[in-house]
Number of protein chains: 2
Amino acid sequence: MLNDVFKALSDPTRRKILDLLKEKDLTAGEISNHFNMSKPSISQHLKLLKNAQLVHDEKKGQYIFYSLNTTVFHDIVSWAFRFYEKK
Amino acid sequence: MLNDVFKALSDPTRRKILDLLKEKDLTAGEISNHFNMSKPSISQHLKLLKNAQLVHDEKKGQYIFYSLNTTVFHDIVSWAFRFYEKK
DNA sequence: TAAGTATTTAGTTATTTACTTAAATATTAG
DNA sequence: CTAATATTTAAGTAAATAACTAAATACTTA
């Protein structure tokens with residue numbers, strides 16, 4: 001649902017996580033190393049991003065790799081684009 | 001700032017206001033008639049949308065007309081587009 | 001199997017958000 | 001000038017959010 005997407009995007013930490021994942025896939029631990037914030041807090045943010053389908057996670061052994069799920073970004077572009085189309 | 005924009009977009013009432021303004025410019029009162037919510041609440045939402053530069057307001061007599069400010073939507077598209085460009 | 005590492009879940013708390021009603025401001029019309 | 005209309009500002013409140021620490025889960029390795 002688009003509401004979850006916009007809610008997810010409304011937090012700067014979560015948008016920064018997306019920026020990091022744009023460069024390459026990362027584990028939860030690697031992601032949390034980029035922030036002055038506890039691992040559980042980052043874990044919660046990741047959960048929200050996942051629920052909004054903005055990221056995907058894949059378990060590999062004891063690590064969980066996170067990656068961007070680009071499909072939802074298309075929806076965002078479509079949403080925003082409607083507002084500056086000529087009527 | 002992009003943060004204000006995403007915060008503004010994170011609420012469904014505010015997104016619906018943008019949808020209404022996409023069709024035509026409206027006064028604060030006309031906007032609030034579309035919602036089961038007090039006028040002051042809508043006024044607060046409009047203030048947030050204005051701070052995020054998503055809408056523009058113009059006073060005409062005792063009325064205030066609100067209209068879309070399409071420029072920021074370009075920024076949203078640019079932001080989202082970066083995430084599905086080929087590297 | 002026991003210890004260590006990676007990550008999440010649970011429980012708590014302070015802050016922010018979205019609403020309400022009441023009061024204030026500004027414009028128009030009699 | 002007074003009353004009516006349009007809108008915002010102020011003050012208060014319940015619910016949601018974002019953070020923390022402690023505990024639980026899952027995998028790996030000695």
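Since we're looking at a predicted model, the values are computed, not measured. Here is the naming used below: chain letters follow the sequence lines, and residue numbers restart at 1 for every chain.
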Exercise for review: Could you walk me through whether A/Arg82 and B/Asp19 pass the salt bridge (charged side-chain N to carboxylate O under 4.0 Å, His left out) test, one step at a time?
Suggested key: CA-CA 9 Å; A/Arg82 290 160 39 224; B/Asp19 284 330; 2.6 Å; yes
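At C/dT20, one or more side-chain N or O atoms of B/Ser41 fall inside 4.0 Å of OP1 or OP2 (strictly under the cut-off). Remark: B/Ser43 is in phosphate contact with D/dT8, judged by side-chain N or O atoms under 4.0 Å from OP1 or OP2. In this model, the phosphate group of D/dT9 is approached by a side-chain N or O of B/Lys47 to a distance below 4.0 Å at OP1 or OP2. Between C/dT8 and A/Tyr63, no contact under 4.0 Å exists linking OP1 or OP2 to a side-chain N or O. Look at B/His45 and you'll find a side-chain N or O under 4.0 angstrom from OP1 or OP2 of C/dC19. The phosphate of D/dT21 (OP1 or OP2) has no side-chain N or O of A/Ser38 nearer than 4.0 angstrom.
Between the CG atom of B/Asp57 and the P atom of D/dT9 there is a distance of 10 Å, given to the nearest Å. Between the CG atom of B/Asn36 and the C1' atom of C/dC19 there is a distance of 13 Å, given to the nearest Å. Taking atom NZ of A/Lys59 as the reference point, atom P of C/dA6 lies 13 Å away to the nearest angstrom. Rounding to whole angstrom units, CD of residue B/Glu30 and P of D/dA6 are separated by 10 Å. For the pair A/Phe35 CZ and D/dC20 C1', the interatomic distance rounds to 17 Å; values are reported in whole Å. Look at NZ on A/Lys60: it is 13 Å from P on D/dT28, rounded to the nearest Å. Here D/dC20 presents its C1' atom at 13 Å from CD1 of A/Ile42, a figure rounded to the nearest Å. The CG atom of A/Leu49 sits 13 Å away from the C1' atom of D/dA18 (whole-angstrom rounding).
Residue B/Lys7 is classed as a sugar-phosphate contact, given heavy-atom separations below 4.0 Å to backbone atoms only. Using a 4.0 Å heavy-atom criterion, one finds that B/Ser32 contacts no nucleic acid atom at all.
Remark: the A/Lys7 side chain and the B/Ser10 side chain contain no N/O donor-acceptor pair separated by less than 3.5 Å.
Of all nucleotides listed (C/dT7, C/dT28, C/dA10), C/dT7 comes nearest to the side chain of A/Ala28. Among the nucleotides C/dC19, D/dT7, C/dA10, the one closest to the side chain of B/Ile64 is D/dT7. Across D/dT9, D/dT21, D/dC20, the shortest atom-to-atom separation from the side chain of A/Met37 is found for D/dC20.
Among all heavy-atom pairs drawn from B/Asp25 and B/Ser67, the shortest one is OD1-CB, 3.2 Å.
Residue B/Gln62 is the one, among B/Pro40 and B/Gln62, whose nearest nucleotide of DNA chain D lies closer to the 5' end (criterion: closest heavy atom).
Ring geometry for B/Tyr63 versus B/Phe65: interplanar angle of 30 to 60°, hence tilted.
Other residues, nucleotides and ligands contribute over 12 non-hydrogen atoms within 6.0 Å of the NZ atom of A/Lys39.
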